[in-house]
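Encoded as structure tokens, the structure appears first; notes follow it.
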Amino acid sequence: TPGVNHTTVAEHTFALMLAAVRKLVIEANHTARGEWTRITGNEICGKTLAIVGFGRIGKEVAVRAKAFGMKLVGYGNYWDEDFARWYDIERVESIEEAMKTADVISLHTKLTPKTRHLINAKNIGLLKKGAVIVNCARGEILELSALVDALKSGHLLAYAADVLDQEPPPADHPLLGLPNVIITPHIGSRTHESVQRQASCAVENLTRYMAGKTPIARAN
């Protein structure tokens, strides 16, 4: 989307990751109800983050993960060798290899026929027991039934996402209400600053087009 700040989506990704491993939503809700329930969470420092999709958002996530002391592996068609060398990111050649390696896997790839159900019943068991999936790409990248089964069985510690296969979801959506799931309503890029940038960019693109100039961002 023209004007979307990719750092904004990366920030939201990291907020979801931290909320999942430290159980922040559960704890905040406890305190809001007047309870003082102290749950032991997990750290991300020293853990391996597999980033699936190494475009602009994936790279911004890598910058933040490195600051938190995470080990990074990346999987995707696009690869910036200089960036990977600078941030010490290991490239893996398959989604299966990424899944075997990851303590946390973060999805940032486009939805295509090839990536639909990229994580599915056949390969989700490759993830370590206690792994976390963060999804700020598209809900359909995961096979829903396989994801729900892995969450209910305890194989996955948590799933944190800004997207769903149905938006808005029906009240009986199988992910809603699971204690180890955090879902936000597709707001990864929705900040006051980013919305203003999108509007400003759209207007500038229109005035450039009307003046016969090259737009800032265009599909083709």
Side-chain angles (χ1 to χ4, degrees), residues 1-20 24-25 44 49-68 70 72-89 91 95 98 104-116 118-119 133-142 159-169 182-220:
T1 304
V4 169
N5 189 335
H6 295 86
T7 62
T8 305
V9 181
E11 288 174 359
H12 194 76
T13 299
F14 235 83
L16 286 171
M17 188 190 311
L18 291 169
L24 297 181
V25 175
I44 59 173
L49 173 65
I51 301 174
V52 178
F54 237 81
R56 288 172 289 184
I57 297 173
K59 289 164 70 175
E60 291 288 351
V61 170
V63 172
R64 285 151 183 77
K66 200 66 178 179
F68 275 83
M70 301 187 82
L72 301 178
V73 299
Y75 168 68
N77 293 329
Y78 173 77
W79 191 258
D80 185 332
E81 192 62 50
D82 291 336
F83 180 90
R85 189 182 308 110
W86 182 262
Y87 286 97
D88 192 23
I89 304 165
R91 186 176 192 178
I95 184 63
V104 181
I105 187 165
S106 190
L107 305 177
H108 301 286
T109 189
K110 295 179 180 178
L111 178 64
T112 68
K114 185 177 179 181
T115 62
R116 183 180 294 273
L118 186 67
I119 297 176
I133 300 176
V134 182
N135 186 4
C136 282
R138 290 293 183 268
E140 297 93 328
I141 292 173
L142 297 102
Y159 178 66
D162 189 44
V163 290
L164 283 170
D165 57 317
Q166 300 178 70
E167 296 181 2
I182 300 172
I183 304 291
T184 53
H186 211 140
I187 55 169
S189 66
R190 193 165 184 80
T191 64
H192 289 291
E193 296 86 352
S194 181
V195 169
Q196 183 175 344
R197 282 192 297 270
Q198 291 179 62
S200 298
C201 184
V203 172
E204 186 168 354
N205 269 343
L206 178 60
T207 57
R208 280 174 175 260
Y209 175 78
M210 297 300 290
K213 298 179 181 179
T214 302
I216 299 169
R218 60 186 181 182
N220 49 51

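No experiment lies behind these values; they were computed from the predicted model shown.
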Would you mind reporting whether Cys136 and Leu16 have side-chain heavy atoms less than 4.5 Å apart? yes
With side chains defined as the heavy atoms from C-beta onward, is the minimum distance between Ile105 and Ile95 less than 4.5 Å? yes
Rounded to the nearest 0.5 Å, how far does [atom2] of [Y] lie from [atom1] of [X]?
X	Y	atom1	atom2	result
Ile51	Met70	CD1	CE	8.5 Å
His12	Asp162	NE2	CG	3.5 Å
Lys110	Arg116	NZ	CZ	15.5 Å
Thr7	Arg56	OG1	CZ	11.5 Å
Lys59	Trp86	NZ	CH2	14.0 Å
Leu107	Leu142	CG	CG	5.5 Å

So with a 6.0 Å cut-off around CZ of Arg64, is the heavy-atom count from everything else above 12? yes
Is it the case that more than 12 heavy atoms not belonging to Phe83 sit under 6.0 Å from its CZ atom? yes
Pair His6-Glu60, side-chain donor/acceptor within less than 3.5 Å: no
For the student: nearest non-hydrogen atoms of [X] and [Y], plus distance:
X	Y	result
Ser189	Val9	CB-CG2, 3.9 Å
Ala65	Leu72	CB-CD2, 3.5 Å
Arg91	Asn77	NH2-O, 3.6 Å
Ser106	Leu49	CB-CD1, 3.9 Å
Val163	Glu167	CA-OE2, 3.2 Å
Tyr75	Ala98	CB-CB, 4.3 Å

Phe54 vs Trp79 aromatic rings, parallel, tilted or perpendicular, using cut-offs 30° and 60°? tilted
For a side chain to side chain contact (heavy atoms under 4.5 Å, CB included) with His108, tell me which candidate from Thr13, Asn135, Val52 qualifies.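 Between His108 and the candidates, side chain to side chain contact (heavy atoms under 4.5 Å, CB included) is satisfied uniquely by Thr13.
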Cation-aromatic face contact Lys66/Tyr87, 6.0 Å, 45 degrees: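 That pair does not qualify as a cation-pi contact.
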